[in-house]
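In what follows, a structure is listed as structure tokens, so that the remarks can point back to it.
So you know, we letter chains A, B, ... as the sequences are listed, proteins then strands, and number each from 1. Note that the structure is a prediction, hence the values are computed from the model and not measured.
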Amino acid sequence: MLLIHCPYCEEERSELEFRHGGDAHIARPTNIADISDEEFEEFFFLRDNPKGLIFERWRHVHGCGRFFNAARDTVSDKFYASYKAGEPKPDLPGISPATEKTVETYEATEGTAK
Amino acid sequence: MAEQSLRKAPLGGFHGGSAAAHVTAAGPATRLSLRAGADAVPALSKALGLDLPTKPKTSASLNGRHALWLGPDEWLVIDESGADLTALAAKAAVLHSAVDISHRNTAVLVAGTKAAEAIASGSPHDLSPKVFPVGACARTVLGKIEVVIFRTGEQEYRVECWRSFAPYAFALLAEGAEDAGL
Ligand SMILES: [Zn+2]
């Protein structure tokens, strides 16, 4: 079972207690009525969907109920760090996000399914 | 036409478990869902007559009244003697939200040498004494539902769940208790 560290409960808890909340650190426009449709599209819909390191919002919905942020690798699913909402992105020295090559897949270890 | 309405206990008549883990329905209690900022904690503690815990997963108990930390600004207050908790909280002249959930919740009591195993059959929460000593509490999941687990003794747990989920919670815990007793 994947364990996720909640910065408010100050411990690792089962993934069953959490819910994903999309990309973190997206600044809401100060006056949303002032921005163009294209800017709104950029703000509201467009995401990078990177392969590797991503900063995301998570909610400890079946625990303390809090939203927090976490740095996760989208390929290996490894959580590098979690931190309270409102705090800046943490420095993650020495972290080289996994690539497709470093991840064990069924295809790589067992051959292609026929 | 009936001239009076009777409140049915959500788990009236339920019994189960094993010699190693008894599963019983808790008696009626009043309950409060309390939300407040850190600055309101002293006044609310005074009004409720017990110190609201501010450390994660801890509780405070006095004479059958319990305050359980659920989140940084959220507590579940339970009074087993049926005190009017909303009226008590209202005496605190500080900004807070107090919602009476006495009948939204009910509780299942699990007790015995294998009580922790019975609960662990359906919950991922770590109940080992080092991280979940007597007095510890946590909102977590049990099977497909959300519960609050409160360790009331070395071998005693109170599992709070929503009323409509109570038969499910009871059946799952009773099943777990039977397995733990094998
Ligand atoms: Zn939490």
Side-chain angles (χ1 to χ4, degrees), chain A residues 1-28 30 54-92 103-104, chain B residues 33-38 41 52-59 67-76 97 99 101 105 116 119-133 135-151 159-162 165 168-169 172:
Chain A
M1 182 173 291
L2 183 64
L3 297 174
I4 300 171
H5 183 270
C6 172
Y8 294 96
C9 293
E10 300 168 2
E11 66 175 8
E12 288 188 328
R13 300 280 282 264
S14 162
E15 63 175 307
L16 301 177
E17 296 179 2
F18 295 86
R19 196 155 304 161
H20 181 253
D23 282 21
H25 303 289
I26 291 172
R28 192 181 165 83
T30 45
I54 190 170
F55 293 88
E56 297 167 317
R57 301 168 80 218
W58 282 80
R59 187 178 178 207
H60 195 185
V61 61
H62 298 302
C64 62
R66 290 275 128 176
F67 276 98
F68 61 94
N69 294 330
R72 183 177 69 96
D73 191 299
T74 57
V75 182
S76 66
D77 213 13
K78 182 179 168 59
F79 277 77
Y80 292 121
S82 60
Y83 49 103
K84 291 181 177 174
E87 290 179 359
K89 283 183 188 179
D91 286 331
L92 300 166
V103 175
E104 243 181 39
Chain B
S33 170
L34 185 65
R35 306 288 306 259
V41 168
L52 292 176
T54 51
K55 251 189 83 192
K57 291 174 68 181
T58 58
S59 68
L68 281 57
W69 185 98
L70 295 186
D73 61 0
E74 184 178 4
W75 295 266
L76 171 62
S97 149
V99 179
I101 53 160
N105 277 26
I119 297 169
S121 70
S123 173
H125 197 79
D126 188 352
L127 299 174
S128 54
K130 212 175 141 195
V131 294
F132 206 73
C137 56
R139 182 160 50 195
T140 179
V141 288
L142 177 80
K144 296 185 178 193
I145 63 168
E146 185 176 286
V147 293
V148 173
I149 302 175
F150 178 29
R151 187 169 194 167
V159 181
E160 286 270 332
C161 66
W162 286 24
F165 297 137
Y168 173 85
L172 190 58

Flag the pair B:Glu146 / A:Glu17 as yes when at least one side-chain heavy-atom distance between them is below 4.5 Å, and no otherwise. no
Would you say A:Leu16 and B:His125 make side-chain contact, with heavy atoms under 4.5 Å? no
Chain A neighbours within residues 126-133 of chain B, where any heavy atom lies under 4.5 Å away: none
Could you tell me which of A:Glu15, A:Glu10, A:Arg66 has the largest number of non-hydrogen atom pairs under 4.5 Å with chain B? A:Arg66
Among A:Arg13, A:Glu12, A:His60, A:Met1, residue most engaged with chain B (heavy-atom pairs, under 4.5 Å): A:Arg13
Which of B:Val141, B:Ile145, B:Thr140, B:Val147 passes side-chain contact (heavy atoms from CB on, under 4.5 Å) with A:His62? It is B:Val141
Side chain from CB out, backbone as N, CA, C, O: work out which of these in A:Glu11 comes under 4.5 Å of a heavy atom of chain B, or both, or neither. side chain
Testing the basics here: between B:Pro56 and A:Cys9, what is the closest heavy-atom pair and its distance to 0.1 Å? CB-O, 3.7 Å
Considering non-hydrogen atoms only, spot the tightest contact between A:Cys64 and B:Trp69 and give its length. CB-CH2, 4.1 Å
Of the listed B:Ala138, B:Pro72, B:Ser123, the one with the largest count of heavy-atom pairs under 4.5 Å with chain A is B:Pro72
